[in-house]
Structure formats: C-alpha cells, structure tokens
Amino acid sequence: MPETLSPLSSPSLSPAPSRLPASTLRVESLLSARLFVAPEAAGDHLYFASDLSGRLSLYRMRLGGSVPEPLLPPHLAVQNPHLIEGEGVFCVLPTLHKVLVMLDRDGDENYQPVTVPLEGGIPQPLFGDRFAGQQVVCLWCDRSHGRAVFSSDPRTDPTLRVFAVDLAAGDELPLASSIYSVDCFDVSDDFSRFLLAEGYSTGDVTLLLAARGQPDLQVLYGTRMAARTPEMSVPLSGFGSGQFTADGGILLTTALFEDTYGLGYLRPETPGEIVPVPIDGLQHQGVGELEEVKRAAGDRYTLRYNIDGCSWLYEGGFDAAQRRFTVTRTLCGVGALRSGVMESVQVDTASGRYALSFSTATSPSQLYVLEPGGQVQMQTNERILGIPPSLLSPGEDASFTSHDGLRVSARLYLPAAELGYAGPRPVVFYIHGGPQGQERPDFTWFSMPLIQYLTLRGFAVFVPNARGSTGYGLRYVKHVDHDWGGQDRLDHVHAAQLLRQDPRLDMDRAAVVGRSYGGFMTLTLAGRHPSLWRAAVDMFGPYNLLTFVERLPEAWKTYFYMVIGHPERDRDELIARSPSTYLGELACPLLVIQGANDPRVVERESRDVVEQLRGQGKMVDYLVFENEGHDVLKFENKVRCYTAIADFFARYLHPKQ
C-alpha cells in the first residue's frame, strides 16, 4: 500500500452558490476579537493582559464583569507572556497593594521590574536603575506574602544571577550564578529553601537546593556540567517543574520513568533517589505529555497536560506515605473548556478560585473563573465580527509517517465550502518556531488568525509539528539537537510528496512561511528544495548560523553552542546547515519580515538575507516593524503583516483560479 497522509478520502470541496462580499474577509474582522490572557483573580477583581487599546497592556475588572480599568499609561505596552520566563508579565501582590510588572521597550526584551498600585498608576522601578540595559525576569512569586525570586541577564556577560527578594522588607539574598539557564521551581513556606533547576539543553537538567545560611548549592539529582567528564553518561532527567510537599519532600515532573513525562518524588536528605508516583483518575486519551505540577490552594496540586495539542488540567492530592497522586477534579478538557488551549491559569490561594484564559482554533481567547464549588463562569464574550463561525476552519488530522518511519503530527486547514472556492486549493506550509514548540488549536497569538485568514482567502494551510516539536515526548524533541536543517527538513519534504496524493490540494501551487526557527526552515526549504515552492515568507529566521549565534546576547550563546554548534569547533557543520549556503538556488519570490528591536534574531540578520539575495538578482521584499521585537503584537502592525503575507501569496499562487 502506498504511504498516505490521513485522511485523504474526504470529499472534494463543493462551491457554494455565491461568495461573501470581499469586505467581510478583511483581516480586521479576525482581529476584532481582542486578546485576553494571563488572568489572575485577587479579591473581587480579575487582573489580565489585553490588547484592548491596540497594544498589549494590563487591566482589571470586577469578577462577574465590568468595564476594564487600565493599569498602565497608554504609551506603555507589555510583552507576549510566552517570551518571558517564569511568572511572565505580571504578578498581583494584594498584601502589598501592588502589581509587579515586567516592562521592556517595544520588544527589546530588556525587562525591568516595576510596580503600580492595584488600581493602576505610573510604574515605579523596583530596583531603580541598577539593572538598566539588562534583562530581569521574575522566576517565582509568592503573591500572598510579597516574596519573589529574580534572574538577571547582563546581556554583555554570559553569567546569569539568581536572587531572592522579600518585597515588603527589601531584603535580598543571592542564590546562584551560572552560565547556564537557572529556573526556580519552588520556595519553602518560610522562604529559607529554594528549589532550583540548572538546564543545559532540553531535558538535560540538574536539580539543586539553595538554603539560607548555606554558601553552597546542594545537588539533589544529576551532575552539574562542570563536574562532567567526556566519558560520563548522564541520563536526561526532563525535570520541568517541582513543588515542596507538606512532608518535606519534593514532587516533580520528570522523564526518568516515562518519555512523555510523569511524576517523581524525592527527599532532600537522600539526593539522587527518586521514585515514580502513579497518577489515578486521569480522563484524557490520546498522544501528549505532562507539562507541569503546581501547588494550588491548601494541600491541593494541579497537573497540566498537553494531549494532541489540547489542554487538560486536573486538581488532586498527593499521598506522601503511599507515593501516589489522585485526581479529584477535572478543571480543563471537558465542557466549555475542551478541544482548545489554556493559555495560562492562576489560583487565588485565598479564595480557591482559578482564573484562566482559553481559546480554540476557531474561537478567540476568553477569560474564565472556576469556583471552588465547580462552577465555570465565563468573564468575557469576545467574538469575531463580520465572519460567521461556519466560515472558519477547525482543521483536520493530517499526521503522517515520515521518510524514516517516524510519526509526525500535523493538521490541515481547508477553506470552508461555503466560501465558494472550486477546484484543488493552493497550499501554504506554516512552520512554527522553537524548534521546541508546537502548533496547537489556539486562536490567541499570531499563528491561528493568520491560518484562518489564509483559508478565507482560498488557501489550504498545512501545519506540521516536525521532529523537534514539543508535545510528543522527550525523545521526539531531542531529534533536532545538532540537526537543524537535517531530518526535520526531510519531514517537510516528505510531507510535500505525500500531499500530492490529496485531490483537494494543488501542490504545484505551494508556498512556505515560518517564524523564528520556522523562518530558518522556510529559508532552508526555499534554498535546498527550490522546485517545491512558488513563494516563501521568512519572519525573523536565522540566515547564517555563524552570524546568528555571534549576534545573540552573551548569556544565550552557551545554550546555542550546545544544541546547534560552536562557531569554531563546528564551523564547517554550521556552514553546511545555514540557509545562506543554499539560497543562491532560490527560485521563487521571497518576503522577509522583521522586528527592528528583536534581540533573538537581530535585524541585521534579516537585512543580510535581503541585501545578499537582491545582489544576486533575486526577487525579495522586506517589511520591518520599527516598534516590534521577536513577534508582531500591535494591532496596526498585525493588520499590515497579515495582509502583506496573504497578498504576497495571492500574487504568486492565484487562489481564485
């Protein structure tokens, strides 16, 4: 039997009697649904981030609904919370009557902690100008007592510093310094013990304990990089989160016992000894992984799962004596909160309420409050204006077996039949960033509105989660280490071959678009497999891996040396994997999109693409957003960006034919 994408037997699209007026297909209709993300309940208010003003900022409203009150001056904007480590954009501190906020300047990611009153106001720097020009993030926060753990990145030096702060008293305690990433999983109730995780690459994590009055870090599990020898074999722990338990132990998510992660239990007095913790009462089925364990109100914990790209959240209890976790309540994955993605969740320990943001592939983000008694209360009612829900594409499973037998998860989004497009559809490959990322049924951020807009314009959109993606276990994500542009590239090439078997698709009219690592893959595919594409769009993708790594902030270079390669030791390999080596073969028009303030893939990297390819006579358009970084967040910029991409593809793929 020939290898096929599934399913291929769906009936062909049939034209509707008439088209909708073109004005109803404007991208402004899709973007009329504002973002509502990162909610926190405190007292009788719900705090959240939203782009109500056209830029992402902070607001609060009363529980049950009221006119949102802005908390920041209108000229300020906050960053995409998923680009910030730890606690994200803000933390509400009711006992201090303040909100702690991480502010940068138009996407430069040099976050500075500031505070504003609970009712909003002019931000006041938490540390004065001590960290000017640096990146400071809040790794952990005790909202009830006003305590936090921060990490500072000097940007010009590879050493990260982690320190704890009693925000009420102003006391500061240094915890660790490292050239590797350090996270803070949890802190003891008396603010004396700090559970830290030093990470080297995905899944390679050493668990550490810092204690007040103890000058040295205690290794709880693993081997720190400095103590490793070339012949040493170190198992991948996959530690992703951890919590101190009431009996003095530690409950962790780990890949030591299951590739898709499970729970483990460890006691600090017996380091190196971790036992698996069975979980009773799970309701989900499918392929995915455990993402996080987190303390909730009282003696309860939550478990967050990603199953087939959809979010599940459980509440339950841990029996330390039996070493067993029992689920008592399903918070997300059923009812109104099913078949979508939970952007974030936060519990108010005083009331036991959960506040969360949730969306699907066809519905925008909404805020919900989950009461202790089980009631689910929707706090917002965002809608897409002017486009009936029936015209949006829910997508279908298009997972396939790749060239070497590996299963690759994918979805295919087709225009709704009512739109009236006849005949096989031109195809756009959409490639996510990371590469340790995953495209999910989530309307919240950049990807899904673009995917839906392209289907409204007559394109089919193929969205693969190629090897290296998260959501399918540690082995799957590790495939891409030291193999950017290798087997991951061949996943896309193989999919392009298989898609030719689908009569609904016209693979002779195919294009590719990607952001960040997805931009790297877009450039790679356009240069190494030029016959596959009629057009390509690169959004802030690395072009030359040598210059990409050289231009990174100093503290980021250590990680990329380990997972991509070192510019001296691995120079030949980096050249062989760079899109710049092959783009002389580019055979289709290229659109390059870049944020001027991007610290991850700097503007010079994209300008190199444009200038060098134009010098060779290639057709290259260039779009730069002066007030964006490694994303496109502001309303007017999103309108321009989505429109430019769709118009560019329409010019060369002719979806109306």
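Note that the coordinates shown come from a computational prediction; the quantities given were computed from them, not determined experimentally.
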Worked verdict on His403 versus Gln497 for side chain to side chain donor-acceptor pair (under 3.5 Å) | CA-CA 10 Å; His403 63 96; Gln497 296 169 351; over 6 Å; no
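- Here the two rings, on Phe150 and Trp140, have centers that are 6.0 Å apart or farther.
- Other residues, nucleotides and ligands place no more than 12 heavy atoms under 6.0 Å from the CD atom of Glu585.
- Remark: Arg640 CZ is loosely packed, at most 12 non-hydrogen atoms of other residues, nucleotides or ligands lying under 6.0 Å away.
- With respect to Asp631 and Arg515, a salt bridge is recorded, a charged nitrogen being found less than 4.0 Å from a carboxylate O.
- Salt-bridge check for Asp204 with Arg228: passed, with a basic side-chain N closer than 4.0 Å to an acidic carboxylate O.
- A salt bridge links Asp608 and Arg551; the closest N-O separation between the charged side-chain nitrogens and carboxylate oxygens is under 4.0 Å.
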For side-chain contact (heavy atoms from CB on, under 4.5 Å), just list the numbers for Leu139 and Ser151, CA-CA rounded to whole Å, side-chain angles, deciding distance to a tenth of an Å, and then say yes or no.
-> CA-CA 7 Å; Leu139 298 177; Ser151 173; 3.7 Å; yes
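- Taking the six-membered ring for Trp, Phe446 and Tyr642 have ring centres closer than 6.0 Å.
- Atom CD of Glu198 and atom OG1 of Thr223 lie 11.5 Å apart (nearest 0.5 Å).
- Asp488 has no carboxylate O lying under 4.0 Å from a charged side-chain N of Arg467, or vice versa, which leaves the two without a salt bridge.
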Checking side-chain contact (heavy atoms from CB on, under 4.5 Å) for the pair Ile431/Met521: CA distance, chi angles, key distance, verdict?
-> CA-CA 7 Å; Ile431 303 175; Met521 185 54 65; 3.6 Å; yes
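- Taking the six-membered ring where the residue is Trp, the centroids of Phe560 and Phe548 are separated by under 6.0 Å.
- Note on residues 522-534: pairs passing side chain to side chain donor-acceptor pair (under 3.5 Å), not counting sequence neighbours, are Arg489-His529.
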Given Val427 and Asp506, is the side-chain contact (heavy atoms from CB on, under 4.5 Å) satisfied, shown in steps?
-> CA-CA 7 Å; Val427 181; Asp506 182 359; 5.9 Å; no
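- Ring centers of Tyr221 and Phe239: under 6.0 Å apart, within the cut-off.
- Remark: Gln616 CD is packed, more than 12 non-hydrogen atoms of other residues, nucleotides or ligands lying under 6.0 Å away.
- By the 4.0 Å N-to-carboxylate-O rule, Asp483 lies too far from Lys478 to be salt-bridged with it.
- Taking a 6.0 Å sphere around CD of Glu554, one finds it holds more than 12 heavy atoms contributed by other residues, nucleotides or ligands.
- Between Glu396 and Arg504 there is a salt bridge, since a side-chain N of the basic residue sits under 4.0 Å from a carboxylate O of the acidic one.
- The pair Arg600-Asp598 does not meet the salt-bridge criterion, since no charged nitrogen lies less than 4.0 angstrom from a carboxylate oxygen.
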